[in-house]
Amino acid sequence: MTKIIAIPNAINDIELIIDNCDAIILGIKDLSVNFNEYISIEELNKHITEIKANNKQIFISLNKIMHNDDLKILEQSLTELNKLDIDGILYYDISIITISKRLKLNTKLIWNQTHLVTNYQTINYWYNEGIDYAYISPEITLNEIIDIKKNTKMALMVPIFGYLPMMHSKRKLVTNYLTYINQNIKNNNYTLYEESRKSYYPITEDDNGTTIYSSNILNGLEEYISLLDNNIEYVILNGININVDDFLEVIKIFFSTTSKYQNNKVDMAYVMMASNEIDMLLKNTDKGFLYKETIYKVKNDEE
Amino acid sequence: MKNNIKKPELLAPAGNLEKLKIAINYGADAVYIGGRDYSLRANATNFSIDEIQEAVNFAHSKKAKVYVTINIVFHNDDFKNIEQYLETLYKIGVDAIIISDPAVLEIVNKVVPNMEIHLSTQGSTTNYEAVNYWKNKGIKRIVLARETNKQEIKEIIEKTNEDIEIFIHGAMCIACSGRCALSNYLTMRDSNRGGCSQICRWEFILNENNQPIDNANNFAMASKDLILIDHIKELIDMGVTSFKIEGRMRSIYYIATVVNAYRKMIDKYINNEKLDETHIKELNRCANRESTSQYFESEADVNDQYYIGREEQSNQDFLGLVLDYNEEKQEVTLEQRNFFKIGDEVQIFGPEIDTIDFKIEKIYDEKDNELDAARHPQQIIKIPLKIKVYKDNFLRIKIVDIQ
């Protein structure tokens, strides 16, 4: 049965949301990006105890692009994490694979190269390399996701709710801009407004760079049923930049949907009503790329 | 000639056959091109199979190499015909392919196992562990991410002994390569399959707590261009295999100027000749955006971006392309590309000649009618010149004093 992984907006939110999801993803200080709060490996132990006491899983993200200077601490961190009761490590950088293999570490690895996990052929390449899960990119359609599932043995994690990271830069884009206009960065509550689209895009910055998020929150509750039908192993509900009370409501709806599905009691009328509840709660929701295929050629080769 | 120094390859972009020939004639050791499919510049002119064949024939006749990009991030249905395409490229004699998706690596190993493979900058390779992983998979060369600094590049080369290619000139992405889908979200154009609509050059309004920042220009995040001509010595000394110039969509004038400048600087350093500022000035003039060394020496900061919209200027320096030289009449025939007139101080440069300074004293049209100016784009013009010049030399406004 498909499991629900939640990404909390704040570390303190774990205890609020853990009852209604199956797993949590946390980011580690200096080794991950796209989180609002990070913890150290030392602090992690306490949370592992809490999460495991609830019979849940915990995944750790080390999704930063690593430079030479990061490798020593990365190796130490992977060694430490291997001793802990965690369920997997999400990675972007290939160095995590080489170090894990060299040190013969047992922790499961999740291929999480944000926008690059888009087809089953490449997923199968990494499956043959011994990678355990693939975290599907949100920029592909539902049909493509199902096609991937039919053509791979790799376990999949599919993002189905939340703001989606659109880009990541190593540069401090907010600080640089504010410096240029002789102002200081005050907090991390910034958005970029684009006039022609009348849209606001959350932009967050930390020591490792800047991330810009989608203007709308992906609400894939209706499509979750297709993922359940196709035995997708995990779905991801991302709570970054979302009020915890609202996020908790959403998690409960997904959790309840899963229970109904397990007991053959879900019907689409219920799902649509529940999805509508999420839309009413959050206002700026959409279906992301689940039904929208991107294009890339806008003129003929002869032009 | 310097001992124990590996002469780097100068690798130039070529958006079409004309640019490819210019790049090679002006000193590129290799060029990279995109086919009609699988390339990250899906909306460039790109090369048909016949054109790739012509490109390879021309390049090999000049002892230069051709690399073909197959660097998109594939979706399920994009793999159709890739095997046939790879086989065709191999038969044509393409010297290497540049990939970013490791699924292509497996296909290459199956159908054309002797094809040389380079890993694109889209792989965001920034450390020696990652380089060694790909080296062990048979990747012959890695194009490092543009966020690596000189110490990192040096350490990577020392610890891997892999062929390393780095960008030395041209446009930069503001995001980490491969880590940007802004175009997908704002315009439905897939940045990772060649459809990038360059959202990073748009303007936005920065809001704090849902209110616009006071007294602020619009938020911009466009990067300035990269220029590493000041660092040629360091790059050669540390053993970088290939110096890559960005710009498959750039003009022939840009390609000729940039390739010529780096070619001359590399050769002068290798041959223990004095380096001068001439080529640096040429590069700074031909760019239509400001350029910095970006991450090469330290983290890119406030000075490496633009903040007041797009500050691109159309370059007016390029005046004409030499079509022919009549030795008997001592007359150049050229195709006008920007306005020039009697009295203008100009230069002609090219790979066969030292840069020639002169003043325009006469201008004639094709029918030998005297003109006071060359006004019309692509107008065929003749001007007297006692020094022999060659087809595909460039006429430009005088921008540097020749040393």
Side-chain angles (χ1 to χ4, degrees), chain A residues 65-68 70-71 93-95 97-99 113-116 118-122 124-126 139-140 144 147-148 151 164 166-171 173-181 183 186-187 189-195 197 200-201 212 214 289 292 294-299 301, chain B residues 36 42-43 46 48 73-76 78-79 101-103 105-106 124 126-130 132-134 145 147-148 152 155-156 174-176 178-182 184-186 188-190 192-195 202 204-210 212-213 215-217 219-221 300-302 305 307:
Chain A
I65 291 173
M66 306 294 174
H67 288 248
N68 290 342
D70 295 314
L71 295 178
D93 199 271
I94 306 296
S95 59
I97 302 175
T98 61
I99 296 172
Q113 287 184 321
T114 324
H115 311 295
L116 309 183
T118 52
N119 73 81
Y120 58 81
Q121 291 90 331
T122 314
N124 287 339
Y125 171 88
W126 290 115
E139 294 86 24
I140 61 174
E144 287 180 299
D147 201 23
I148 288 173
N151 286 283
L164 302 169
M166 299 194 294
M167 73 87 102
H168 181 76
S169 173
K170 198 168 186 271
R171 302 177 201 235
L173 298 177
V174 177
T175 296
N176 287 348
Y177 169 75
L178 291 174
T179 302
Y180 183 77
I181 61 170
Q183 294 191 28
K186 290 177 195 156
N187 52 48
N189 197 12
Y190 292 101
T191 52
L192 296 178
Y193 177 68
E194 205 283 311
E195 183 83 56
R197 281 155 183 72
Y200 293 86
Y201 302 90
I212 301 176
S214 59
F289 293 88
K292 290 195 287 190
T294 49
I295 59 168
Y296 48 98
K297 282 196 186 186
V298 293
K299 57 179 190 169
D301 290 317
Chain B
R36 294 265 162 97
N43 299 295
N46 291 322
S48 66
V73 174
F74 286 71
H75 286 219
N76 293 336
D78 293 332
F79 288 95
D101 197 318
L105 174 60
E106 286 202 312
S124 266
T126 48
N127 64 75
Y128 54 80
E129 287 277 357
N132 275 331
Y133 173 86
W134 293 116
E147 291 84 12
T148 41
E152 291 170 335
E155 190 177 8
I156 287 170
I174 201 74
C176 301
R179 213 149 183 177
C180 183
L182 282 172
N184 301 47
Y185 284 81
L186 272 76
M188 290 303 295
R189 282 173 48 171
D190 192 343
N192 283 321
R193 287 191 288 176
W202 290 18
F204 298 82
I205 296 169
L206 184 67
N207 282 253
E208 183 191 350
N209 299 323
N210 295 324
I213 301 283
N215 305 314
N217 305 318
F219 177 94
M221 53 181 164
D301 65 18
V302 59
Q305 291 174 229
Y307 303 96

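These numbers come from a predicted model, not from an experiment. Below, read A as the first sequence line, B as the second, and so on, with proteins coming before strands; counting in each chain starts at 1.
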How close do [X] and [Y] get, heavy atom to heavy atom, and via which atoms?
| X | Y | result |
| --- | --- | --- |
| B:Gly178 | A:His115 | O-CD2, 3.9 Å |
| B:Glu147 | A:His67 | O-CE1, 3.3 Å |
| A:Ser169 | B:Ile174 | OG-O, 2.6 Å |

Under 4.5 Å from any heavy atom of chain A, what part of [X] do you find: side chain, backbone, both or neither?
| X | answer |
| --- | --- |
| B:Tyr128 | both |
| B:Asn184 | both |
| B:Glu208 | both |
| B:Leu186 | both |
| B:Asn132 | neither |

Hey, which of B:Ala130, B:Pro212, B:Ala181 has the most heavy atom pairs under 4.5 Å with chain A? B:Ala181
In terms of heavy-atom proximity below 4.5 Å to chain B, should [X] be classed as side chain, backbone, both, or neither?
| X | result |
| --- | --- |
| A:Ile65 | both |
| A:Thr191 | both |
| A:Tyr190 | both |
| A:Ile148 | both |
| A:Ile212 | side chain |
| A:Arg171 | both |

Taken to the nearest 0.5 Å, the spacing of A:Met66 CE from B:Ser124 OG works out to 12.5 Å
Nearest 0.5 Å, please: how far is CE in B:Met188 from CD1 in A:Ile295? 8.0 Å
Answer yes if the side chains of [X] and [Y] hold a donor-acceptor pair under 3.5 Å, and no otherwise.
| X | Y | answer |
| --- | --- | --- |
| A:Thr122 | B:Asp101 | yes |
| B:Gln305 | A:Asn176 | yes |
| A:Glu144 | B:Asn76 | no |

If we define contacts as heavy-atom pairs under 4.5 Å, which of [options] has the most with chain B?
| options | answer |
| --- | --- |
| A:Thr179, A:Thr114, A:Leu173 | A:Leu173 |
| A:Phe289, A:Tyr177, A:Tyr120 | A:Tyr177 |
| A:Lys186, A:Glu195, A:Gln113 | A:Lys186 |

Once the angle between the rings of B:Trp134 and A:Tyr125 is folded into 0 to 90°, is it parallel (under 30°), tilted (30 to 60°) or perpendicular (over 60°)? parallel
Which word best sums up how the rings of A:Tyr201 and B:Phe204 line up, parallel for under 30°, tilted for 30 to 60°, or perpendicular for over 60°? perpendicular
Taking ring pair (Phe, Tyr, Trp, His ring centres under 6.0 Å) as the definition, give me every residue that meets it alongside B:Tyr133, ordered by chain and number, with sequence neighbours left out. A:Trp126
Test side-chain contact (heavy atoms from CB on, under 4.5 Å) on B:Phe74 and A:Thr118; report intermediate values, then the result. CA-CA 7 Å; B:Phe74 286 71; A:Thr118 52; 5.6 Å; no
May I ask you to test the [X]-[Y] pair for a side-chain heavy-atom distance under 4.5 Å?
| X | Y | result |
| --- | --- | --- |
| A:Thr294 | B:Arg193 | yes |
| B:Asp78 | A:Asn119 | no |
| B:His75 | A:Ile140 | yes |
| B:Ile213 | A:Ile181 | yes |

My understanding is that only residues two or more places apart in sequence, or in another chain, count here; which of them pass side-chain contact (heavy atoms from CB on, under 4.5 Å) with B:Ser48? B:Arg36, B:Asp50, B:Glu51
Go through the steps to decide whether B:Ile205 and A:Leu192 satisfy the test side-chain contact (heavy atoms from CB on, under 4.5 Å), and finish with yes or no. CA-CA 6 Å; B:Ile205 296 169; A:Leu192 296 178; over 6 Å; no
Please report the C-alpha distance between A:Met167 and B:Met221 in whole Å, then the side-chain angles of each, then the deciding distance to 0.1 Å, and finally whether the side-chain contact (heavy atoms from CB on, under 4.5 Å) criterion is met. CA-CA 12 Å; A:Met167 73 87 102; B:Met221 53 181 164; 4.3 Å; yes
For A:Tyr193 together with B:Phe219, are the ring centres under 6.0 Å from each other? no
From A:Thr98, A:Asp93, A:Asn68, residue fulfilling side-chain hydrogen bond (donor to acceptor under 3.5 Å, both in side chains) relative to B:Asn127: A:Asp93
